[in-house]
Protein chains: 2
Amino acid sequence: MSRTGKAASLKPRKAATQMRASRTVEAIVEAAARILETVGMEGYTTNAVAARAGVSIGSLYQYFPNKDAITVALIEREAALLLTQVNEAAAEPEWKAALKLMITAAVRHQLSRPVLSRLLDVEEARLPTRDEAAPGSGAIFKVVRAVIARAMPATALPGLSSVVEQLASDVIGITRGMTDMAGRRHEADGLDLALRVENAVCGYLFSALKQMNSHDLHAP
Amino acid sequence: MSRTGKAASLKPRKAATQMRASRTVEAIVEAAARILETVGMEGYTTNAVAARAGVSIGSLYQYFPNKDAITVALIEREAALLLTQVNEAAAEPEWKAALKLMITAAVRHQLSRPVLSRLLDVEEARLPTRDEAAPGSGAIFKVVRAVIARAMPATALPGLSSVVEQLASDVIGITRGMTDMAGRRHEADGLDLALRVENAVCGYLFSALKQMNSHDLHAP
DNA sequence: TTGAGACATGAGTTAACGCTCGTATTTTCC
DNA sequence: GGAAAATACGAGCGTTAACTCATGTCTCAA
């Protein structure tokens, strides 16, 4: 099993310089994804990944120092994909429209490979939290936070940033929770699901904003 | 590792008749919980569970045919705990009040042992889905569904039951997603979180009901 | 008291899996 | 062409962890 305790680096062991090498690396990462999707963690072994990728176990370890490094690479690949979409959505000036676009992007992404998304989500929590740095879910969280900050009332309350943090966390939680459930139910219609998530998120944000405003009026 | 392929039964191997035996079984299940909470799946081994329970590995295998059986027993223990609370909440005649009580119960339950809840949730998805039978999450789902059905407009639409199914799924997803997130952020105030979840769930349900009513008026 | 069965023990068996290393092949560059 | 570097290979090593089994101890009814 894993050499527990040996916190080896999770960065690639050697950078691929030739083209066949990058093809090998990409094949390994995609093989990891397909194994996780079809067999789950149960069959997610380095030997199986190498076999599915059509490369030898030796080649695998030439580019990844250990098994977790493969998982990290896969997580970062998927996060980068989603981050691109989310960033585009955040460019929309109207915060509400931006939020809706972000929701659609998140739903589409998670519903495109639901099993993989769920497993990677779990693994991400388990692995050494190099939260920031590199396009990880930390980056996505920041974008969501920034968009929600735009929805805040003009008057600067004390401790507003932690409220925004919480709202962003809740919005992401709602989205993930609903999409997870839909994935387990084998829902296919991403558009319908996105609308439902929009309803939930907007309903929640409006009631939160209303409460903030009433506090704002009564307290000072 | 696991003897992959051997789909042994997950039921207890032998029923405990004497009192010391039931104490042993309970100690094993609770030890499994504590290991999962403190070390995670990484250190969740049968030898570690036996050691933490203060019994020998042989005793463990006298009552559980394999490792998964321990996990299943733990899942059922936790689900039964929550189911009791949820059933009490469902007794409330006002559907909205019932829903709020159920949310409070779910939040309190999940926030009481957040790491354990999350891990068990993942394991439950992985294990052979004996969904129904015994107080499992299937039973909890049914209760939620029944409460939401009470909120439906009197006019019986076609395909209403599948809509209710979807609403229940969404409500559970919202609750789980928000509570998961809160657990990861180490939130401690369950009351505050429960209020936020109520806002999200009620906001979502109202908008869904409104849409159903407008369809109802325009279509017949 | 005593015997039978319930319960407890832990060293040992076995298979799997992460990972290494010595060797072979391909690419690059002069 | 040929040397050197990059890439590929896969048998095998070491460890881990699920699970067994032979043996010992406790409980309780008769």
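In what follows, every chain begins at residue 1, and chains take the letters A, B, ... in the order their sequences are listed.
- A donor and an acceptor atom never sit less than 3.5 Å apart when one is taken from the side chain of Q62(B) and the other from the base of dA6(C).
- dA17(D) atom P lies 16 Å from atom CG of D68(B), rounded to whole Å.
- Using a cut-off of 4.0 Å between Lys/Arg side-chain N and Asp/Glu carboxylate O, E187(A) and R196(A) are scored as salt-bridged.
- Legend: residues meeting side chain to side chain donor-acceptor pair (under 3.5 Å) with T104(A), ordered by chain and number and at least two apart, are absent.
- Going from atom CE of M41(A) over to atom P of dC17(C) covers 12 Å, rounded to whole Å.
- Residues passing the side chain to side chain donor-acceptor pair (under 3.5 Å) test with S112(A): none are found, sequence neighbours excluded.
- Between S59(A) and dT7(D) there is no side-chain N or O to OP1 or OP2 distance below 4.0 Å.
- Between the CZ atom of R23(B) and the C1' atom of dA6(C) there is a distance of 14 Å, rounded to whole Å.
- For the contact set between residues 45-58 of chain A and DNA chain C, defined by any heavy atom under 4.0 Å, the members are T45(A), T46(A), N47(A), I57(A).
- Side chains of F64(A) and V29(A) form a contact here, defined as non-hydrogen atoms less than 4.5 Å apart.
- Evaluation of the salt bridge (Lys or Arg N to Asp or Glu O under 4.0 Å) test over residues 96-108 of chain A, restricted to residues two or more places apart or in two chains, returns none.
- Using modelled atom types and a 3.5 Å distance limit, the side chains of D180(A) and Q110(A) yield a donor-acceptor pair.
- Map S22(B) and K67(A) each onto its nearest nucleotide of DNA chain C; the residue landing nearer the 5' end is S22(B).
- For the pair T38(B)/V115(B), no side-chain contact is recorded, criterion being any heavy-atom separation below 4.5 Å from C-beta on.
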Enumerate the protein-to-nucleotides 27-30 of chain C contacts in which both atoms are nitrogen or oxygen and the separation is below 3.5 Å.
none

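- E42(A) has its CD atom 13 Å from the C1' atom of dC17(C), to the nearest Å.
- Identified under the salt bridge (Lys or Arg N to Asp or Glu O under 4.0 Å) test for residues 27-37 of chain B, with sequence neighbours left out: E30(B)-R34(B), E30(B)-R77(B), E30(B)-R113(B), E37(B)-R113(B).
- Within the 4.0 Å cut-off from OP1 or OP2 of dG10(C), not a single side-chain nitrogen or oxygen of Y61(B) is found.
- Backbone-only engagement by Y63(B) is indicated by non-hydrogen atom pairs under 4.0 Å involving sugar-phosphate atoms exclusively.
- Taking 4.5 Å as the limit, every side-chain heavy atom of E78(B) sits out of range of all side-chain heavy atoms of L82(B).
- Atom pair I35(B):CD1 and dA17(D):C1' shows a separation of 13 Å (rounding to whole Å applied).
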